[in-house]
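Data first, discussion second: the structure below is written as structure tokens.
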Amino acid sequence: MLTYERIYAVVRQIPPGQVATYGQVAELAGLIGKPRLVGYALYRVDMTTDDVPWQRVINAKGEVSESPLRHGSDYLQRAMLEDEGIEFDHRGRIDLGKYKWRPPDSVIEQALAAFGENLG
DNA sequence: GAAATGACTCAAC
DNA sequence: CGTTGAGCCATTT
């Protein structure tokens, strides 16, 4: 289960007003090449709590993903992002070049430290 | 243990 | 730019 916590930890590092892609989170979470795990983890996130800002995690296309189980709350996620100052394209896409989260070295160092714990 | 699922990503046309 | 196909592996049943 630490795998998920790793992802949550990274997602929590995402500051408001910015978005990160699954690949980005996966890379920082040590799940390089396994973006699906991130998506799966976010799906498992208990959105009833604010533990993880899953809303700031989108796909590499800059679109806000949605799940059939999430049906109906897709607009809610968009609203939350808009509330953070993020603008959506006419197609519902976000300008990653403007809003994509740029992980600071501190986060990378933390990630590396986390890897060490796991890698042994 | 084995099969099925999945909020994705990269590459090719 | 949009669609199609293959890769990835932990979680779930």
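Note on naming: letters A, B, ... go to the chains in the order of the sequence lines (proteins, then strands), and numbering restarts at 1 for each one.
Nearest nucleotide to the A/Tyr40 side chain, out of C/dT12, B/dA7, C/dG2: C/dT12. Of the candidate nucleotides C/dT11, B/dA7, B/dT9, B/dT9 has the atom nearest to the side chain of A/Ala60. In this structure, of B/dT5, B/dT9, B/dA7, it is B/dA7 that holds the atom nearest to the side chain of A/Ser65. When the nucleotides C/dT12, C/dA10, B/dT9 are ranked by their closest atom to the side chain of A/Thr3, C/dA10 comes out on top.
Of the residues in residues 8-30 of chain A, those with a non-hydrogen atom less than 4.0 angstrom from any atom of DNA chain B are A/Thr21, A/Tyr22, A/Gly23.
B/dA7 atom C1' lies 15 Å from atom CG of A/Leu76, rounded to whole Å. Straight-line distance from the CE atom of A/Met80 to the P atom of B/dA7: 17 Å, rounded to whole Å. Rounded to whole Å, the distance from CD1 on A/Ile58 to P on B/dC8 is 12 Å. Counting to the nearest Å, the C1' atom of B/dA7 and the CZ atom of A/Arg78 are 17 Å from each other. For the pair A/Glu5 CD and C/dA10 C1', the computed distance is 15 Å after rounding to whole Å. One atom, OH of A/Tyr4, and another, C1' of B/dA7, lie 11 Å apart when rounded to the nearest Å.
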Q) Using a cut-off of 4.0 Å between protein heavy atoms and nucleotide atoms, how would you tag nucleotides 3-9 of chain C 5' to 3' with B, S and -? A) ----BBB
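Checked against A/Lys34 for a side-chain contact (heavy atoms from CB on, under 4.5 Å), the options A/Val38, A/Ile32, A/Leu31 give a single hit: A/Leu31.
One side chain, A/Gln55 or A/Glu84, offers a donor N or O that lies under 3.5 Å from an acceptor on the other.
In this structure, A/Arg44 forms no cation-pi arrangement with A/Tyr4, as its terminal cationic atom is not both closer than 6.0 Å to the ring centre and no more than 45° off the ring axis.
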